[in-house]
Number of protein chains: 2
Amino acid sequence: MAMSATLKAISDPMRRSILELLKKQALPAGEIAQHYPELTQATVSYHLKLLKQAGLITERREKNFIYYELNASVFEEVLTWIYGLGLGGKDDDD
Amino acid sequence: MAMSATLKAISDPMRRSILELLKKQALPAGEIAQHYPELTQATVSYHLKLLKQAGLITERREKNFIYYELNASVFEEVLTWIYGLGLGGKDDDD
DNA sequence: GAGCAATTTAGATTTATTTCTAAATAGTGG
DNA sequence: CCACTATTTAGAAATAAATCTAAATTGCTC
């Protein structure tokens, strides 16, 4: 299921932080890593891989950088699931 | 952060399934467990504990059963975060 | 309060995740 | 093609999560 990957991806604070970073603008991996001096570049690369696998980011090559950009459309499925549970959808069920 | 707990809780398919079960009606742990013959009752109890800690379910004691019921209001924070990322909320932030 | 039914807790095991260091790949520019 | 820069991959170690069995708890009911 795609939703498990999406949710697992954003259940980690570091990865949520990366997504927030990419909200403002697309960035190459190196610049992303600079925001997290406590982590190595390899670790950031690992998180990017998971985000990519979840479809939450896409990559665009330019010069010899790889720019990562947010793809929030993947959240559609999650939102549908949450709303389906009843939040905001209490129409006439009560 | 409360959001990590919420998201980690629903990143597991089993726990999402339990929430879906409780959407229809509150149920005691035993009945919940009956829906998952592949798991022991102790394991279901473990998942219920995590859901409870995340605030996604509440318990109500009646006779000698503990009825678990869904509390979808916890999703508010998650929804706010997702919308904040841009999905559906691209107003004039840039 | 003794016994019973529902549920949780403890402890151990297996599997998955996160992180690091070190090495490898891949694309760019001379 | 060679060297440089950006990034990933591999392999190992540490931490966390999911599951089981067995024992403990808790709250009715008599």
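Between B:His47 and D:dA17, a side-chain N or O to OP1/OP2 separation shorter than 4.0 Å is absent. OP1 or OP2 of D:dT19 has not a single side-chain nitrogen or oxygen of B:Thr40 nearer than 4.0 Å.
Nearest-nucleotide positions on DNA chain C place B:Tyr67 closer to the 5' end than the other of A:Thr43 and B:Tyr67. Judged by closest nucleotide on DNA chain C, B:Leu48 is the one of B:Leu48 and A:Val44 placed further toward the 5' end.
Counting only heavy atoms from C-beta on, A:Lys8 has its side chain closest to C:dT17 among D:dT8, C:dT17, C:dT19. Proximity note for B:Tyr46 (side chain, C-beta onward) versus C:dT19, D:dT19, C:dC20: the nearest is D:dT19.
The stretch residues 29-38 of chain B touches DNA chain C through B:Ala29, B:Gly30, each having a heavy atom under 4.0 angstrom from the strand. Near DNA chain C, meaning a heavy atom under 4.0 Å away, the residues from residues 56-66 of chain B are B:Asn64, B:Phe65, B:Ile66.
Whole-Å rounding puts the A:Lys49 NZ to C:dT19 P distance at 13 Å. Here the P atom of nucleotide D:dA17 and the CG atom of B:Leu39 are 18 Å apart, to the nearest Å. Following rounding to the nearest Å, B:Gln41 (CD) and D:dC20 (C1') show an atom-to-atom distance of 13 Å. Put simply, CG on A:Leu51 is 14 Å from C1' on C:dT18, counting in whole angstrom units. Atom-to-atom, CG of A:Leu50 to C1' of D:dT8 comes out at 13 Å; the value is rounded to the nearest Å.
One distance of note links CG of A:Leu48 with OH of A:Tyr68; it measures 5.5 Å at 0.5 Å rounding. Atoms CD and OH, from A:Glu59 and A:Tyr67 in turn, are 13.5 Å apart once rounded to the nearest 0.5 Å. Separating the NZ atom in A:Lys49 from the CD1 atom in A:Ile57 is a distance of 12.0 Å, to the nearest 0.5 Å. Between the NZ atom in B:Lys23 and the CG atom in A:Leu85 there is a gap of 6.5 Å [rounded to 0.5 Å]. Within the model, atoms CD of B:Glu69 and CG of B:Leu19 stand 13.0 Å from one another, a figure rounded to the nearest 0.5 Å. Summarising the geometry, atom CG belonging to A:Leu27 is positioned 11.0 Å from atom CG belonging to A:Leu70; distances are rounded to the nearest 0.5 Å.
With no hydrogens or angles considered, a side-chain donor-acceptor pair links B:Ser17 and B:Tyr36 at under 3.5 Å. A donor-acceptor contact closer than 3.5 angstrom links the side chains of A:Arg16 and B:Ser4.
When all heavy atoms of B:Arg60 and B:Ala26 are compared, the pair lying nearest together is NH1-CB, 4.1 Å.
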